[in-house]
Amino acid sequence: MNRIFKNTSTLFSAHLIGRLGSLVLTLWLMPRFSESALGGYFVAIALTNLIASLTELGIHNPLIREMTLNLSQTRHYLGNTLLVRLVLSVVAYALMIISGVLLGYTSVIVTMIAYLGLAEIVNSIAQLYRCVFRAHEEMKYEAWTVVAERGIFFLGGGGAILLGYELVNVCQVMLIASGVNLIMSIGFTRSRFTPLRFEPSRQLIVVLMQQALPFAIGNLFHLIYFRIDAIMLSKLSPDGLDANTWYGLAYTIVNAFTTLPGAFMGAMFPVLSRAYEKERDRLPYAYTFGVRWMVICGVPLAVGLAALSHEIIAVLPIPYMPDALEKIATALFWLSGSGGLIFLTTVVLTMLRAADKRRAFSVLMGTTALLNIGLNLVLIPRFSHVGAAIAMVICEVYLLVVGFGYISKRIATLTETRFIFKSIFLSAVMGVGLVLLKGILSIWILIPLAMVFYGGGIFVLGEFRTKFAFD
């Protein structure tokens with residue numbers, strides 16, 4: 001358990017720094033570019049991120065899983081997956097450029113897609129080396145690469161903005177930062193884990209592909225679910241690209257906090273994989289441990305962000321008119337709900353991957369993506385960016401209910417549930433207090449007070465003293 005918390009804190013700190021840096025950079029962009037220009041930037045990010053998922057082909061988690069169970073074979077797994085990744089990268093990059101042109105985006109947006117797409121490809125190759133770090137449960141190396149990459153992007157991108165360069169130049173800085181990420185990842189792998197030698201093995205590739213392809217379909221649906229809303233907004237919203245800016249800023253704020261479930265469940269994944277394969281009696285305890293901490297962290301985050309959404313937007317240096325600020329705050333209100341739910345749905349998806357439930361994962365993500373597309377088709381033309389946020393909340397609820405139902409029936413059940421009621425009760429009291437006091441006290445006082453109240457309540461109720469015997 002100590003290793004899990006150590007790896008979680010390491011990954012969380014690194015990714016939080018990176019995402020907060022991205023948020024600050026976005027705030028710096030706002031006074032210098034129009035809402036429409038920034039909307040194009042957010043569209044380029046969403047499109048390249050979506051298509052870059054093709055290079056992953058569902059292989060990350062099977063790769064981590066296999067390397068975790070066979071650490072001595074790390075070099076062979078890494079070398080063969082790199083060969084597959086390089087081929088897929090060429091295909092994905094071509095699709096990015098073609099998609100940008102066929103969707104009718106301006107030449108500036110297509111140019112941003114070209115640079116951001118190449119950065120995504122470089123990062124996707126670096127991700128394979130991060131799989132080595134995770135399989136060996138040495139997440140500190142991933143943390144260092146994240147801090148270096150995001151630090152370069154923050155300083156270089158910030159400098160470009162302050163010196164009056166264009167958004168395309170910011171995208172170029174992102175490409176440079178991605179290159180540094182890849183170089184560092186290769187260096188750490190060679191010096192700390194395994195030499196890099198390519199020994200093609202058809203059998204090994206076939207084994208990995210048999211595990212990965214079902215997940216590839218599910219992962220593609222997962223990316224469609226999370227990214228298609230930005231693309232649909234740019235085409236269906238009555239506000240055009242401006243809606244992408246309002247939605248993108250609110251999403252960036254929430255995204256900064258959802259670093260925690262990704263880091264925590266990334267650290268939990270090797271543990272869950274081992275428990276499912278070799279220590280099945282410990283699986284329910286590991287599963288409950290993951291759910292417990294995600295509930296404890298996710299529920300108050302959702303309540304707090306929703307209660308203070310307008311106040312948070314009001315204190316940020318956003319140079320837009322009051323009606324635009326209201327639109328951003330409304331989107332943040334709804335997205336705070338999906339942000340809290342992501343804490344729990346991350347447990348669901350990690351559990352399905354660790355248990356190698358490929359078909360269930362693909363079906364779940366496919367139906368969620370289709371639901372999201374259908375809701376966006378109905379809601380975006382009527383409610384613009386707010387409709388996209390509402391669709392996200394509904395889809396997260398669906399993902400949570402169906403996913404937990406399947407896991408409880410087919411994989412593992414929770415060993416206890418008292419922590420759920422404790423967290424909901426304390427969060428509700430905290431939320432009521434925030435609503436009553438936000439017109440009286442400053443947000444800078446309310447946030448620490450809420451944290452002390454909730455954290456103290458969880459401690460008094462004994463949750464910090466709870467032990468789980470699985471590590």
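The shortest side-chain heavy-atom distance between M365 and I224 does not fall under the 4.5 Å cut-off. In this structure, L88 and V84 have side chains that are in contact, with non-hydrogen atoms separated by less than 4.5 Å. Side-chain contact between C297 and F343: present, with at least one pair of heavy atoms (C-beta onward) separated by less than 4.5 Å. The shortest distance between side-chain heavy atoms of R130 and V146 falls below 4.5 Å. You'll find the side chain of Y247 reaches within 4.5 Å of the side chain of L335, heavy atoms only. Under the 4.5 Å side-chain criterion, counting only non-hydrogen atoms from C-beta, I253 is in contact with I313. Looking at heavy atoms from C-beta onward, H136 lies in side-chain contact with F193 at the 4.5 angstrom threshold. Put simply, the side chain of M265 does not reach to within 4.5 Å of the side chain of F269, judged on heavy atoms.
The heavy-atom pair separating G157 from V170 by the smallest distance is O-CG2, 4.3 Å. For S423 against V299, the heavy-atom pair with the smallest separation is OG-CB, 3.6 Å. Shown here for H310 and A329, the closest heavy-atom pair between the two residues is CD2-CB, 3.6 Å. Closest approach of P261 and T346 over heavy atoms only: O-CG2, 3.7 Å. Shortest non-hydrogen contact noted between G117 and M96 is CA-SD, 3.2 Å.
Listed for the K235 side chain is no donor-acceptor partner under 3.5 Å among the backbone atoms of G240. Distance alone, capped at 3.5 Å, is enough to place a donor-acceptor pair between the Y93 side chain and the A114 backbone. At least one donor-acceptor pair closer than 3.5 Å links the side chain of N169 to the backbone N or O of E166. Counting only distance, with no hydrogens or angles, the side chain of T48 and the backbone of I45 share a donor-acceptor pair below 3.5 Å. S336 places a side-chain N or O within 3.5 Å of a backbone atom of F333 that can act as its donor or acceptor partner. Here the side chain of S178 pairs no donor or acceptor atom with the backbone of V122 at under 3.5 angstrom.
The side chain to side chain donor-acceptor pair (under 3.5 Å) with Y398 is formed by just one residue from the set N372, T367, T368; it is T367.
Using modelled atom types and a 3.5 Å distance limit, the side chains of E396 and S338 yield no donor-acceptor pair. A donor-acceptor pair shorter than 3.5 Å cannot be found between the side chains of D242 and S36. For the 3.5 Å distance criterion, the side chains of S234 and Y105 qualify, holding a donor opposite an acceptor.
Interatomic distance, I186 CD1 to L128 CG, rounded to the nearest 0.5 Å: 10.5 Å. For the atom pair CD1 (I407) and CG (L352), the distance works out to 4.5 Å, reported to the nearest 0.5 Å. For the atom pair CZ of F42 and CG of L249, the computed distance is 6.5 Å after rounding to the nearest 0.5 Å. Here W246 contributes atom CH2 and L325 contributes atom CG; the two are 11.0 Å apart, rounded to the nearest 0.5 Å. Interatomic distance, L233 CG to N244 CG, rounded to the nearest 0.5 Å: 5.0 Å. Between atom CG of residue L344 and atom CG of residue L400 there is a gap of 5.5 Å, rounded to the nearest 0.5 Å.
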Item checked: L332 and I328: CA distance, side-chain angles, deciding distance, side-chain contact (heavy atoms from CB on, under 4.5 Å) verdict -> CA-CA 6 Å; L332 179 59; I328 298 170; 5.5 Å; no

Margin query: Assess the residue pair L260 and L301 against the criterion (side-chain contact (heavy atoms from CB on, under 4.5 Å)); give the C-alpha distance rounded to whole Å, side-chain angles, the decisive distance to 0.1 Å, and a yes or no.
Written below: CA-CA 11 Å; L260 178 57; L301 173 70; over 6 Å; no

Notebook entry, point to check: Should L236 and N376 be marked as a side-chain contact (heavy atoms from CB on, under 4.5 Å) after you check the CA-CA gap, both sets of side-chain angles, and the distance that decides it?
Noted result: CA-CA 9 Å; L236 298 177; N376 279 320; 5.7 Å; no

Next item on the list: Check the pair C395, Y225 against side-chain contact (heavy atoms from CB on, under 4.5 Å), reporting the backbone distance first and the verdict last.
Entry: CA-CA 9 Å; C395 289; Y225 162 50; 3.3 Å; yes

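Around CZ of F404, the count of heavy atoms belonging to other residues, nucleotides or ligands within 6.0 Å exceeds 12. Atom OH of Y115 has 12 or fewer heavy atoms from other residues, nucleotides or ligands within 6.0 Å.
For the salt bridge (charged side-chain N to carboxylate O under 4.0 Å, His left out) test, no residue two or more places apart in sequence or in another chain qualifies with E120.
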Please list, one pair per line, the donor and acceptor atoms closer than 3.5 Å that link side chains of residues 382-391 to other protein atoms, with sequence neighbours excluded.
residue, atom, partner, partner atom, Å
S384, OG, S237, OG, 2.7
S384, OG, D239, OD2, 2.9
H385, NE2, K327, O, 2.9

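With ring centers used as reference points, Y141 lies 6.0 Å or more from Y129.
Between E142 and R192 no salt bridge is recorded (no basic side-chain N to carboxylate O distance below 4.0 Å).
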